[in-house]
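The structure appears below as structure tokens.
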Amino acid sequence: MEKRAKKVKNVVYLATVCVLLMCWPIWASGNKKLSENLRIAVTAETAKVYSHASDNSAVVKNVAFGKQLQVKQSSKNWYSVDDGYIHKTDAVLYDMSKKHIALTFDDGPSETHTETVLDALEKYEAKATFMVIGQNINSATGELMKREQTMGCEIGNHSYSHANFKTILPEEAQEELQKTDEVVEEYTGKKPTLIRTPFGLCENNVLCGMDRSNICWSVDTEDWKYKDSERLIRYVTENASDGAIVLMHDIYKTTAQAVEPILKELTEQNYEMVTVTELSAIKGVNLEAGETYRFFQEETGTESEEEETLF
Ligand SMILES: [Zn+2]
């Protein structure tokens, strides 16, 4: 009898230890005190600041896209700011002492290579933007897009069949975009947030009809031409700059294999890898529909300087 009681006691003790060990990381990560260098930039069109960390609490104020706020604490779903609480999904947390860059991957999703890119991003807690082609999306690659979304990556619309928007009719270009919107939404529940026209080409009458921004690039790696991992790693790490948008393609093995070393080197160079929309918010640049952007720089000084940075 006594032996049995001892056994029960041991089991209870062990179970308690297990529960405590399992709960410790949840408790420890629940309410993180943050370094003074950390800010949040609003990535939603308008974000609400609530009086408490609850949707049912009062809305203290609304803050616009690109607004920077000092952040005190981070919990599972909320950032605590001066006046209250803001949803994590409405803002990006970033380190103002670091440089920021947006890596973009076109022409996927690829059943064979996109996963390698995602594994590398996950390892380095980095984010990227995937400019997908509608005709590549099926049940298998749709799952990869869901993973991209869960990881906080961004998905852009790169047309349905990689058509040249300079040689097709404007209504055909709109149809290319619409078909891709629909198939992305089918898998992720969300319409792509950005557009990247194939070959970076577009006529003004197509751009005018766009309900989102067109995103080009400032670092053209030509990974499709060289298909050489070593060259790609060298090219990206030597040409990276604060606010840059890098063009790569997640449909080549040589590119997919280069992503991990690229992330390692950029991390050592003091970069944070963010999505295109996050980069624009961090730089305080508002993304206008029908406008083309190639990189983002903080808008300081006179208006003429602003015009130089946005084209
Ligand atoms: Zn392309």
Side-chain angles (χ1 to χ4, degrees), residues 101-124 126-165 168 173 176-177 179-188 192-202 214-237 239-240 244-263 266 273 275-276 294:
I101 195 164
L103 303 180
T104 66
F105 295 94
D106 285 18
D107 298 358
S110 153
E111 217 173 316
T112 25
H113 303 304
T114 302
E115 198 163 21
T116 310
V117 176
L118 292 176
D119 289 345
L121 289 167
E122 202 164 62
K123 184 174 171 189
Y124 282 89
K127 284 178 268 180
T129 303
F130 293 87
M131 305 293 192
V132 300
I133 294 177
Q135 67 183 10
N136 289 347
I137 301 167
N138 53 46
S139 55
T141 57
E143 288 303 315
L144 291 167
M145 285 197 310
K146 284 185 196 168
R147 186 175 167 204
E148 287 164 6
Q149 202 178 36
T150 310
M151 287 169 58
C153 291
E154 187 166 25
I155 296 172
N157 186 331
H158 193 43
S159 84
Y160 194 81
S161 66
H162 213 273
N164 183 338
F165 283 14
I168 60 173
E176 285 266 334
L177 295 172
K179 275 164 74 182
T180 299
D181 279 348
E182 283 166 12
V183 66
V184 170
E185 205 166 352
E186 188 187 323
Y187 285 99
T188 66
T193 41
L194 307 162
I195 290 168
R196 171 169 281 164
T197 54
F199 314 102
L201 297 175
C202 203
N214 181 35
I215 305 297
C216 286
W217 52 86
S218 55
V219 179
D220 188 358
T221 64
E222 295 185 294
D223 58 338
W224 55 273
K225 188 156 102 187
Y226 294 97
K227 295 197 187 75
D228 176 343
S229 298
E230 288 306 315
R231 182 198 172 274
L232 180 60
I233 297 162
R234 215 169 39 243
Y235 194 88
V236 175
T237 55
N239 289 281
I245 300 175
V246 181
L247 169 64
M248 292 183 274
H249 298 79
D250 55 327
I251 53 168
Y252 304 112
K253 191 179 179 186
T254 43
T255 298
Q257 287 175 335
V259 177
E260 193 178 323
I262 286 171
L263 294 173
L266 290 179
M273 281 60 74
T275 69
V276 169
R294 298 173 204 281

Begin with the C-alpha distance, continue with both residues' side-chain angles, and end with the deciding distance and a verdict on salt bridge (Lys or Arg N to Asp or Glu O under 4.0 Å) for Asp220 and Arg294. CA-CA 11 Å; Asp220 188 358; Arg294 298 173 204 281; over 6 Å; no
Candidates Thr114, Val183, Val132 - the one meeting side chain to side chain contact (heavy atoms under 4.5 Å, CB included) with Met145: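 Exactly one option meets the side chain to side chain contact (heavy atoms under 4.5 Å, CB included) with Met145, and it is Val132.
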Residue from Thr129, Ile101, Leu266, Thr104 passing side chain to side chain contact (heavy atoms under 4.5 Å, CB included) with Val246: Ile101
Flag the pair [X] / [Y] as yes when at least one side-chain heavy-atom distance between them is below 4.5 Å, and no otherwise.
X: Val117; Y: Phe130; value: yes
X: Arg147; Y: Asp119; value: yes
X: Ile168; Y: Glu176; value: yes
X: Phe105; Y: Leu118; value: no

Presence of salt bridge, Lys179 and Glu182, under 4.0 angstrom: no
Ignoring hydrogens and angles, write down the donor-acceptor pairs under 3.5 Å from the side chains of residues 253-262, residues two or more places apart or on other chains.
residue	atom	partner	partner atom	Å
Thr255	OG1	Asp223	OD2	2.9
Glu260	OE2	Lys123	NZ	2.6

Heavy atoms from other residues, nucleotides or ligands near CD of Glu115 exceed 12 (cutoff 6.0 Å):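 At most 12 heavy atoms, drawn from other residues, nucleotides or ligands, come within 6.0 Å of this atom.
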To the nearest 0.5 Å, how far apart are [atom1] in [X] and [atom2] in [Y]?
X: Thr275; Y: Ile215; atom1: OG1; atom2: CD1; answer: 10.0 Å
X: Ile233; Y: Thr221; atom1: CD1; atom2: OG1; answer: 12.0 Å
X: Arg196; Y: Asn157; atom1: CZ; atom2: CG; answer: 12.0 Å

